[in-house]
Amino acid sequence: MNNQPLLTVDLVELDKKHFIHPTSSIKEQQENGPAAIFKEGHGVYVTDINGKTYIEGMASLWNVNVGYGRKELAEAAKEQMEKLAFSSCFATFSNEPAIRLAAKLAEITPGDLSAVFFTSGGSESNDTAYKLVRHYWKLKGYPNKTKIISRKKAYHGVAIGATSATGIQDFQNMTTALAPEFIHADTFSVDSVREIIEREGAENIAAFLAEPIQGAGGVNIPPDSYFQEIRKICDENNILFIADEVITGFGRTGKMFACEHWNVVPDVMLIAKGITSGYIPLGAVIIHEKLHKDLIELSEGTLLHGFTYSGHPTACAVALRNIQIIEEENLVENSRLMGEELHKQLKMLQSELPIVGEVRSLGLIGALEIVKDKQTNERFEKKLAPIIINEARQRGLILRTVTFGDADTIVFSPPLVINKQEIQKMFQILRDSMISVMNNLQI
């Protein structure tokens, strides 16, 4: 057996031949190979196999909250694996890390969210919630309450239910069939939600589903009163409110959970990503105490929903240690403070460069719009955001674009351990990249 290290060219060819990448252009991969092959990371930085180091301005997929290279999380996984790497939680079997993590989540989530169903990630959390709320209404004697109101520009995952709930048309166009009973309201229109309820009938609607801040849809932040009004409408119409905190949970917005900004407690909360900072796959659905009590009282037989890795002991042990790091290092407060610096840098770019339109942020999640004319919000014929982030990557900064529909947006979501100097460095690279692109295109 040949144990010699593979050369970069070998890895590129193996990647192209054998690895189908998620949410990627197959054609681009085949023509150019992987954009980078990473080998290690520390803090807010990642390094590829050629030794080039980048600031990870997206915390990978909005999720490496405690930063890269945390040996504490590797040690937590090792310790648990040596004792009990895996054990099924079917048929009421249990394990200590899952029990302790469920109790910890009940402690740190707002209000009376108190009972936890574990999944492997955000898409599973979403599909689980849709099934659970419909099951709940069936047990309550309302079997017709099956429809779920989601929103345009929403992203909820790529399982068939989550894809159907997603309000970004490009994701729905990928498949030839969607799950029924999902209705999309206008993004921040309370009137649109009321109109759907009136048209469809509250007796037929199981839940309203929303990200507190839309992530993949462009980091869209709601008006101050929006979620209070939604909460009231749900209560008045006997509709459950599901908050998808997969991206926004665990300190991303300067609060432990984003819905705390508006003092709203959902009936169901969906989490993943930051629960382990991406070190191991894990997600969860957390339900309100009143729902849990009803399920206890009304359920008979087996709850016929579960994943092999629901309550995975190693994943739960890593999550417990991850949450401990977030709390001990005050990373929620750091997110708030560094979020102020991030917003300051966004506003500076807006004032300095003619192509930067609207900017928005909350904590360490933000976005800027690329425009041809700031007054009219006119866009360039060719979208510039992908060109800019490619230039930024060459200069050592990883960011992400949102270009669905007419959007031409650059989004930000760095690890919560980032400091002021690193934010300033990140924005200097971005500024230089934007100026370079403007000069090359003679803008």
Side-chain angles (χ1 to χ4, degrees), residues 123 125-218 220-245 259 262 264-270 285 287-288 290-291 294 404-407:
S123 291
S125 293
N126 269 272
D127 271 38
T128 294
Y130 313 154
K131 288 179 72 175
L132 282 180
V133 297
R134 287 162 172 163
H135 176 67
Y136 171 80
W137 286 122
K138 183 179 178 182
L139 291 180
K140 291 282 285 182
Y142 301 100
N144 293 330
K145 288 177 78 69
T146 58
K147 297 182 180 182
I148 293 173
I149 302 173
S150 181
R151 300 182 300 166
K152 297 174 183 176
K153 298 185 180 180
Y155 178 80
H156 295 290
V158 293
I160 191 63
T163 297
S164 305
T166 290
I168 302 170
Q169 195 62 45
D170 301 61
F171 285 95
Q172 297 196 353
N173 292 344
M174 185 262 186
T175 185
T176 54
L178 296 169
E181 310 281 37
F182 290 91
I183 308 160
H184 296 91
D186 293 336
T187 303
F188 292 131
S189 172
V190 173
D191 288 340
S192 178
V193 175
R194 288 197 181 99
E195 288 166 5
I196 290 171
I197 294 171
E198 184 176 347
R199 182 182 74 236
E200 303 293 333
E203 70 278 8
N204 298 313
I205 299 174
F208 172 85
L209 166 69
E211 302 159 274
I213 296 172
Q214 292 182 330
N220 302 312
I221 302 171
D224 286 341
S225 64
Y226 175 76
F227 279 116
Q228 286 96 333
E229 292 182 62
I230 289 295
R231 175 74 270 184
K232 183 179 178 182
I233 290 170
C234 288
D235 291 340
E236 290 172 348
N237 291 277
N238 205 24
I239 294 170
L240 298 178
F241 174 27
I242 305 172
D244 183 340
E245 293 255 13
C259 62
W262 302 284
V264 168
V265 178
D267 300 296
V268 180
M269 180 183 284
L270 315 182
V285 177
I287 65 173
H288 198 281
K290 65 185 179 184
L291 271 69
D294 281 343
F404 306 118
D406 66 350

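The two atoms that bring Thr146 and Arg134 nearest to each other are O-NE, 2.7 Å, heavy atoms only. Between Val285 and Ala129, the shortest heavy-atom distance links the atoms CG2-N, 4.2 Å. Among all heavy-atom pairs drawn from Val158 and Ser123, the shortest one is N-OG, 2.9 Å. Nearest heavy-atom pair across Pro266 and Cys259 is CD-SG, 4.0 Å.
Sparse packing is recorded around NZ of Lys232, with 12 or fewer heavy atoms of other residues, nucleotides or ligands lying under 6.0 Å away. Counting non-hydrogen atoms of other residues, nucleotides and ligands closer than 6.0 Å to CZ of Phe404 gives a total above 12. A 6.0 Å sphere centred on NZ of Lys153 holds no more than 12 heavy atoms belonging to other residues, nucleotides or ligands.
Between the side chain of Asn126 and the backbone N or O of Ala162 there is no donor-acceptor pair closer than 3.5 Å. Between the side chain of His184 and the backbone N or O of Thr166, at least one donor-acceptor pair lies under 3.5 Å. Side-chain N or O atoms of Gln172 include none that pairs as donor or acceptor with a backbone N or O of Leu178 at under 3.5 Å. A donor-acceptor distance shorter than 3.5 angstrom exists from the side chain of Arg151 to the backbone of Glu211, with no hydrogens or angles considered.
Legend: side-chain hydrogen bond (donor to acceptor under 3.5 Å, both in side chains) pairs involving residues 195-208, not counting sequence neighbours, sorted by first then second residue: Lys147-Glu200. For residues 179-190, every residue pair satisfying the salt bridge (charged side-chain N to carboxylate O under 4.0 Å, His left out) rule, not counting sequence neighbours, is listed here: Lys152-Asp186.
With sequence neighbours excluded, the residues forming a ring-ring contact (aromatic ring centres under 6.0 Å, His included) with Tyr130 are Phe182, listed by chain and number. Contacts of Phe188 classified as ring-ring contact (aromatic ring centres under 6.0 Å, His included), with partners at least two apart in sequence or in another chain: Tyr226. Partners of Asp224 under the side chain to side chain contact (heavy atoms under 4.5 Å, CB included) rule, at least two apart in sequence or in another chain, are Trp262.
Side-chain contact between Lys290 and Asp267 is present, with at least one heavy-atom pair separated by less than 4.5 Å. For the pair Lys140/Lys145, no side-chain contact is recorded, criterion being any heavy-atom separation below 4.5 Å from C-beta on. With contacts defined as side-chain heavy-atom distances shorter than 4.5 Å, the pair Leu270/Leu209 qualifies. Residues Ile149 and Ile205 have side chains in contact (heavy-atom distance under 4.5 Å, counting atoms from C-beta outward).
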Under 3.5 Å donor-acceptor pairs involving side-chain atoms of residues 233-243, not counting sequence neighbours:
from, atom 1, to, atom 2, distance (Å)
Asp235, OD1, Arg231, NE, 3.3
Asp235, OD1, Arg231, NH2, 2.8
Asn237, ND2, Ile233, O, 2.8

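Taken from CD1 in Ile168 to OG1 in Thr163, the straight-line distance is 10.5 Å, to the nearest 0.5 Å. Met269 CE to Ile287 CD1: the interatomic distance, rounded to the nearest 0.5 Å, is 13.0 Å. Between the OG atom of Ser150 and the OH atom of Tyr155 there is a distance of 12.5 Å, given to the nearest 0.5 Å.
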Problem set entry | Intermediate values then yes/no, side chain to side chain contact (heavy atoms under 4.5 Å, CB included), Val193 and Ile230 | CA-CA 8 Å; Val193 175; Ile230 289 295; 3.8 Å; yes
